[in-house]
Amino acid sequence: MKQSLTSLAVASALFLAGCQVTQTSNNKSTAYETVPPAVMASSEATGTENITLEQAMAHPDWLGRKPEGAFWSADSQSVLFKQKQVGSKLRDTFSYGEQGLQPVALSDKHQIGADDAVYSRDGKQQAYIFSGNVFVKDITTNQVTQLTRSSQKAEQLQFLTNGQLAYVADNTFYAIDLASGLTTELAKLITANAPQGVTEPQNYLAQEQHKLIGYVALQHKNAKDAQSRKEALIAQNDTLDDNLFYLGKDQRIVETSLSPAGDKLIVATTKDVPKRSAQDIMPNYVTQDGNIDPVKARSRVADNKPVEHTLIFIDLNTKGQHALSYQSLPGFDDDVLAEVKSENARAQGKTYISKKAPRHIALILDWAWDQSAIQWNAQGSQVAVMVEAWDNKDRWIATVDFENNTLVSQHRLHDKAWVNYTHNDFGWLNHEDTLYYLSEESGYSHLYTKPLKGKATQLTSGKYEVSELTLAKDDSAIYFKANIKHPGVYEIYRVNVQSGELETLTNLNGMTDYVLSPDESKLLLTHSKIAMPPELFIADAQPGSTAKQITNTVSEAFLSKKLITPKVVAVPSSHTDQPIYAKVYYPADYQEGEQGNTRKAVIFNHGAGYLQNSHMGWSVYFREFMFHSLLASEGYVVMDMDYRASKGYGRDWRTAIYRHMGKPEIEDLADGINWMVENVNVDRGAVGTYGGSYGGFMTFMALFTQPELFQAGAALRPVTDWAYYNDTYTSNILNRPADDPIAYRRSSPIYFAEGLNKPMLINAPMIDDNVFFQDVVRLVQRLIELEKENYETAIYPVEPHGFVQPSSWLDQYRRIYKLFKENL
């Protein structure tokens, strides 16, 4: 069950929602539903005071301090959340319940529970971790008992089927008997070879030494007697046990999971090798002591070596340890990159010969998860693991045959591009050995169930994305978030596990996230609109319920600002059947039907690649929202496109950039320009573009490869050479440089720098541990050698990838503003 709210990008709304509309269907939709007019944000100004660049880039405290990390109390009667202090990074905790909104004193914080609290099988007890220690609450009496008080940090809290409470600390598993208070060590995992114990002399000298020297023989006998006595004591005295499990030297523990029955462990290990080299550093020039600090940085995709996890099944009853081979997984030895390697070999005048070989496989890494890749059923008798190939082309869900110590494949998801690093939620139904999981095999992220020895059933279908699953305790339904009615509108739904009947639980028309209450009667909602930051609401977990707003954190200063709310439009694509959804900020003085193509325009390119920004909720790009409002108030048309590769539009949209980043996206920008020329009176010769991170990369690719599109561009914290970016992200899209150098050369701006012929601004933070400052340094040297003159570079010595200082934000956007003013 999901117990926490997700990112602020999918947060909440300002005003009290009215009655919800019940929607029930057989869930066989094949297209987005028509969006009610009220959903489409109108391009109208709010407030009365003009926004200034200085105010837009000021510390975001002035907007109001939105609720964070909200969760339910154990009795489902109140909501807890945090709020940032003004001018400080510290957060205060608040409770909302029958007494209204109340602050939580620091002395009481150990009593409120946690967003990842766990519950006993009978629902009468809640357990949670506070500051590394374990607490348990009697939900009926509200009595809290502290169970540990230690410098060890407890993790992985869970109730066992025998009623005991288990946790992990320093790779040691403990179980607490709540009745007696006795703590039992279940298993201690040690990354070393098992000690050999007392052994008999092996070579000639040793054997003769034992014969000739009585003292040596006596010491040997004493050691053997002590070892025998220890073994006998453990065997005959039930207060003792040998719970040490040796996993081998030079190994690192990646993940562990204890069976709810407390009798089995699944452990994933990998070779304990450095994740970075000594050269992977990032110089920090502005330090406390005035010296240069060589900050350690991540490795680059070009340098990464294959990673594989060894899965180990440990039987705590028999003390047996068994490595689980991947050879039972279908396609474990497929040469999935044969076509790619052949193309690259031909380009080098060589021939590639394909052959089967075991692939490197590891537990899957999902960027949006708060769950484990190892999932036990409620009884602890079955376990499922989700693993992926290092080449990113396959994902498997496998169970374990404990009798034969083998993996049994339950589902294989193969993608010729790459398996998504989100939308991988999975688990077991509570009362039967049936798996549920998300899969993109239909082209969109949808929900499936599969009994261990049966076929899979698809529970949701259509051109929308399902995420954030919560299973009802009685297995009757699974709750989820989806964009069914429109790609940019996210509501909360539930589907009947048996019939597939879908129910709509919210109809707030914006961006909505949820947490189901422990008693499953209510939803805690985080909801926002395009022009209104997140707020918290409570609603009954039933169709047609009314959502009650419980926070109101938006400042009067923000509400007073005259901000232009964009419309979300569907721009026709020249390259796909799907439109390109985009936010359009119409000029304050725009008149429908005006003629002459006199408007200037700017296209903003969102970062991350796989991110959705043309939705109906509050954006992570809130500063850009205000900047775009300012531009629109001065007569500009501003467009913010969810170009191909963006999130929310299905698998094909996501993978359109496979092996060629910077081509489909720029084609979409060209369609955006055409739409603005035809529909909003924009002068084709007066369009600029800008963006940060992936958006900065897109600015480069646009100016370098299609310089006729834009008259000026600004690239912020930009990628210039993908071989220097991280492995986790880049290897999905471009494979790896050793296998696919073609993809890296045609996707990296540095190879196309000679195409620059328009004014360009480069803004680069110097302590960026995401996109290294080195990226900009190398490109600038390339531009110098190409004798380019029409670019400027601004550096920010104390900033990371996401700027922090308001002065840096202001300096950056003053330069962008000036660039457009002077060149459009």
Answer yes if the side chains of T269 and H309 hold a donor-acceptor pair under 3.5 Å, and no otherwise.
no
Examine distances only and state if a side-chain atom of S693 and a backbone atom of G695 form a donor-acceptor pair shorter than 3.5 Å.
no
For a 4.5 angstrom cut-off between non-hydrogen side-chain atoms, does V301 reach N726?
no
Between F173 and S257, the two heavy atoms sitting closest are CZ-N, 4.5 Å
Do the side chains of E665 and R644 get close enough for a salt bridge, i.e. N-O under 4.0 angstrom?
no
With no hydrogens and no angle check, just 3.5 Å: does a side-chain donor-acceptor pair link R395 and N424?
yes
Sub-3.5 Å donor-acceptor pair from the side chain of Q371 to the main-chain atoms of F426, do we have one?
yes
Checking side-chain polar atoms at under 3.5 Å, does S372 have a donor or acceptor matched by the opposite partner on E255?
yes
Please check if any side-chain donor atom of H423 sits under 3.5 Å from a side-chain acceptor atom of E468, or the reverse.
no
How about D335 and S354: does a side-chain donor come under 3.5 Å of a side-chain acceptor?
yes
Can a donor-acceptor pair be found between the side chains of H322 and N405 at a distance below 3.5 Å?
yes
Does this structure show an ion pair linking R654 with E440, if we count only N-O contacts that are shorter than 4.0 Å?
yes
Flag for N344-Y352: side-chain donor and acceptor within less than 3.5 Å
no
Does Y649 use its side chain to pair, donor to acceptor, with the backbone of Y643 at less than 3.5 Å?
no
Check: H801 side chain, D769 main-chain N or O, donor-acceptor pair, under 3.5 Å
no
Side chains of Y326 and R359: is there a donor and an acceptor less than 3.5 Å apart?
no
Does one side chain, of Q251 or K271, offer a donor that lies under 3.5 Å from an acceptor on the other?
no
Would you mind checking if E754 and R782 are paired as a salt bridge, meaning a charged N to carboxylate O distance below 4.0 Å?
yes
Tell me whether R659 is salt-bridged to E343, with the criterion being a basic N under 4.0 Å from an acidic carboxylate O.
yes
Distance only, no hydrogens: is a donor on one side chain within 3.5 Å (strictly under) of an acceptor on the other, for D280 and S299?
no
Any donor and acceptor pair, going by atom type alone, linking the side chain of K393 with main-chain N or O of D391 inside 3.5 Å?
yes
Under 3.5 Å, is there a donor-acceptor pair linking the side chains of N735 and Y658?
yes
Is the shortest side-chain heavy-atom distance between Y421 and L365 below 4.5 Å?
no
With a 4.0 Å cut-off on N to O distance, would you call R300 and D303 a salt bridge?
yes
Judged by modelled atom types alone, do D289 and T287 share a side-chain donor-acceptor pair under 3.5 Å?
yes
Would you tell me whether Q410 and T399 have side-chain atoms, one donor and one acceptor, within less than 3.5 Å of each other?
yes
Have W369 and D425 got a donor and an acceptor in their side chains that come within less than 3.5 Å?
yes
